[in-house]
Amino acid sequence: MFLAIIHMSKIYNELYEKISPGSGNVDKSRMLVNVATFPDSLLHALGAYFRVPKLLEKIPRDIKGIVISGMGGSFIGGLFLQDVLYDTSNLPIFLVRDSILPQFVDSSYLLIAVSYSGNTEETLRVFGEALQRKIPIISVTSGGLLQKYSEKNSVPVVSLPQGFQPRAAFPYMAAALLSIIETITGDVGLLKQLSECAENMKATRDEALMKTIEDAKDFFSNIEKGLTPLIYSYRPYISVGYRFKTQLNENAKIHAFYLDLPEANHNEIMGWRQEASDKFFATIIRGSQEQYYMTTRIEFLIKHLEANNIPTINFLPEPRYSGKKICELLDLVFRLDLISVATALKLKTDPTPVDTITKLKKHLEKHIDVEKELFPQERP
């Protein structure tokens, strides 16, 4: 164990220097280390959630669909789950990034309320509405009001470990949601795939870390020129593309924008003109699940971008994961998370703090007493 710690410390130091000399001093809370231990977190999460079937014994199995409520970093797990199951599951999965639960959702549906902190106002409002409508609920959280009122109302809680930034808890959210789905649907095999992927990622981590920084040189160069990334992906890589956009926002503190294909080709493509070449660059996330009709559209898009001198970057999963959807998704998230942190360090920005979001939360707490509003009868 001691030798392993020394080895990892050496790798981290080499990685910091490869990104930018002295960048370890910028990363005060060691977000890069958190990203580098992504495979370990996945494996730890798998061990932590083996009791989920016992926890969910009273949750009905004959449901019409699943609604996943979450915001920000707590939303990504639901989007990942939707990508995984989109073309294989007969059970509809709806994602809610709002304060309002859709009217069609009744007691024949299951709500999974995801809030890392447990104090996300929007998710608490959806949770409170679901309680009133007597909708079955599972909460995924590390504490806060969501855990407090889940326990008061006999709602099962799948606990997330404390001490993370919400975005950094993705491995635990992903494993928790897959554990819930496997339990509810009986669709065994999801967790086994996750475990195999995590083991492989851990075994090849050192090489992947260094190679990712090398492969991203053109991306970093465009950022350092002041260009803004416009990111594209398609099903089943929508969660990856959106995640990359939000990681660049929160880690690097830069603007980045995302739209999925083929929708982007029906509108956003019109903005790619010569005049955009000194403002934006395109980043396309692709994988082995790409259908020929999607390839045809992307080929046209790339030619159009090249004709207008728009820099274009492609990111693909490692070839060894080809044909393994969950592995491709996790590999891409792992490596693009690393790129987002490396982008921050190249810009001499500490990736961890999110000061503006913290200010917003304090502003909301000053003006909105969500606990008093939603649970007045349950307060002491």
Side-chain angles (χ1 to χ4, degrees), residues 1-19 24 27 30-50 76-77 80-81 83-84 160-161 164 167-179 182 188-217 219 236-237 239-240 243-244 247 251 285-289 314-342 345 351:
M1 175 64 75
F2 181 67
L3 291 177
I5 292 172
I6 293 176
H7 169 74
M8 289 309 301
S9 296
K10 183 173 182 291
I11 290 295
Y12 299 147
N13 290 334
E14 290 177 1
L15 190 57
Y16 277 121
E17 290 304 302
K18 187 174 182 64
I19 291 169
D27 189 12
R30 292 294 186 262
M31 180 63 80
L32 182 138
V33 175
N34 180 281
V35 169
T37 53
F38 185 97
D40 307 82
S41 296
L42 284 171
L43 291 168
H44 181 256
L46 284 165
Y49 297 130
F50 73 96
I76 300 296
F80 165 78
L81 188 67
D83 271 344
V84 169
L160 299 170
F164 288 91
R167 62 192 184 275
F170 170 79
Y172 292 93
M173 293 183 193
L177 288 171
L178 285 176
S179 297
E182 189 163 295
V188 296
L190 296 175
L191 295 177
K192 182 181 178 183
Q193 292 178 58
L194 183 64
S195 176
E196 291 172 353
C197 298
E199 291 284 6
N200 196 308
M201 291 171 69
K202 183 176 180 180
T204 57
R205 172 177 37 210
D206 293 2
E207 176 189 352
L209 291 172
M210 297 301 175
K211 184 175 183 296
T212 297
I213 299 304
E214 189 68 29
D215 291 347
K217 280 186 175 180
F219 183 88
Y237 309 105
S239 59
V240 177
R243 164 81 171 183
F244 189 36
Q247 289 291 84
N251 287 332
I285 297 168
R286 311 174 69 175
S288 72
Q289 307 287 309
N314 286 284
F315 286 119
L316 293 90
E318 288 296 318
R320 63 177 170 273
Y321 299 124
S322 180
K324 301 175 181 178
K325 187 196 298 183
I326 289 179
C327 293
E328 286 195 334
L329 291 172
L330 293 173
D331 175 60
L332 283 166
V333 168
F334 172 47
R335 292 189 296 112
L336 293 173
D337 277 7
L338 175 61
I339 290 171
S340 74
V341 172
L345 299 179

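Numbers here simply count residues along the sequence, with the first being 1.
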Pro171 pairs by side chain to side chain contact (heavy atoms under 4.5 Å, CB included) with which of Val333, Leu46, Leu42? Leu42
Do the side chains of [Y] and [X] get nearer than 4.5 Å, heavy atoms only?
{"X": "Leu330", "Y": "Tyr321", "result": "no"}
{"X": "Lys324", "Y": "Glu196", "result": "no"}
{"X": "Arg335", "Y": "Phe38", "result": "no"}
{"X": "Phe244", "Y": "Ile339", "result": "yes"}
{"X": "Arg167", "Y": "Met31", "result": "yes"}
{"X": "Val84", "Y": "Phe80", "result": "yes"}
{"X": "Thr37", "Y": "Tyr12", "result": "yes"}
{"X": "Phe334", "Y": "Leu209", "result": "yes"}

On a heavy-atom basis, which atom in [X] and which in [Y] lie closest, and how many Å separate them?
{"X": "Gln193", "Y": "Ile326", "result": "OE1-CD1, 3.7 Å"}
{"X": "Asp331", "Y": "Pro317", "result": "OD2-CA, 3.3 Å"}
{"X": "Asp27", "Y": "Leu32", "result": "OD2-N, 2.9 Å"}
{"X": "Ser340", "Y": "Asn251", "result": "OG-ND2, 2.9 Å"}
{"X": "Pro39", "Y": "Ala198", "result": "CB-O, 3.7 Å"}
{"X": "Gly323", "Y": "Glu328", "result": "N-OE2, 3.9 Å"}

Any chance you could measure [X], atom [atom1], to [Y], atom [atom2], to the nearest 0.5 Å?
{"X": "Glu182", "Y": "Leu177", "atom1": "CD", "atom2": "CG", "result": "13.0 Å"}
{"X": "Asp337", "Y": "Gln247", "atom1": "CG", "atom2": "CD", "result": "4.0 Å"}
{"X": "Ser239", "Y": "Ile285", "atom1": "OG", "atom2": "CD1", "result": "9.0 Å"}
{"X": "Leu332", "Y": "Glu318", "atom1": "CG", "atom2": "CD", "result": "9.0 Å"}
{"X": "Leu178", "Y": "Leu190", "atom1": "CG", "atom2": "CG", "result": "5.5 Å"}
{"X": "Phe219", "Y": "Leu336", "atom1": "CZ", "atom2": "CG", "result": "8.5 Å"}

Glu207: which residues meet the salt bridge (charged side-chain N to carboxylate O under 4.0 Å, His left out) condition with it, sequence neighbours left out? none
Pair Arg286, Asn314 - check side-chain contact (heavy atoms from CB on, under 4.5 Å), show working. CA-CA 7 Å; Arg286 311 174 69 175; Asn314 286 284; 3.3 Å; yes
Would you call the rings of Tyr49 and Tyr172 parallel, tilted or perpendicular if under 30° counts as parallel and over 60° as perpendicular? perpendicular
Short question: side chain of Ser195, backbone of Leu191 - any donor-acceptor pair under 3.5 Å? no
Just by modelled atom types, is the Gly77 backbone N or O under 3.5 Å from a matching donor or acceptor in the Arg243 side chain? no
For Glu14 and Lys10, run salt bridge (Lys or Arg N to Asp or Glu O under 4.0 Å): C-alpha distance rounded to whole Å, both residues' side-chain angles, the deciding distance at 0.1 Å, then the answer. CA-CA 6 Å; Glu14 290 177 1; Lys10 183 173 182 291; 2.6 Å; yes
Is it the case that more than 12 heavy atoms not belonging to Lys192 sit under 6.0 Å from its NZ atom? no
Run the salt bridge (Lys or Arg N to Asp or Glu O under 4.0 Å) check on Asp40 and Arg205 step by step: do they pass? CA-CA 10 Å; Asp40 307 82; Arg205 172 177 37 210; 2.2 Å; yes
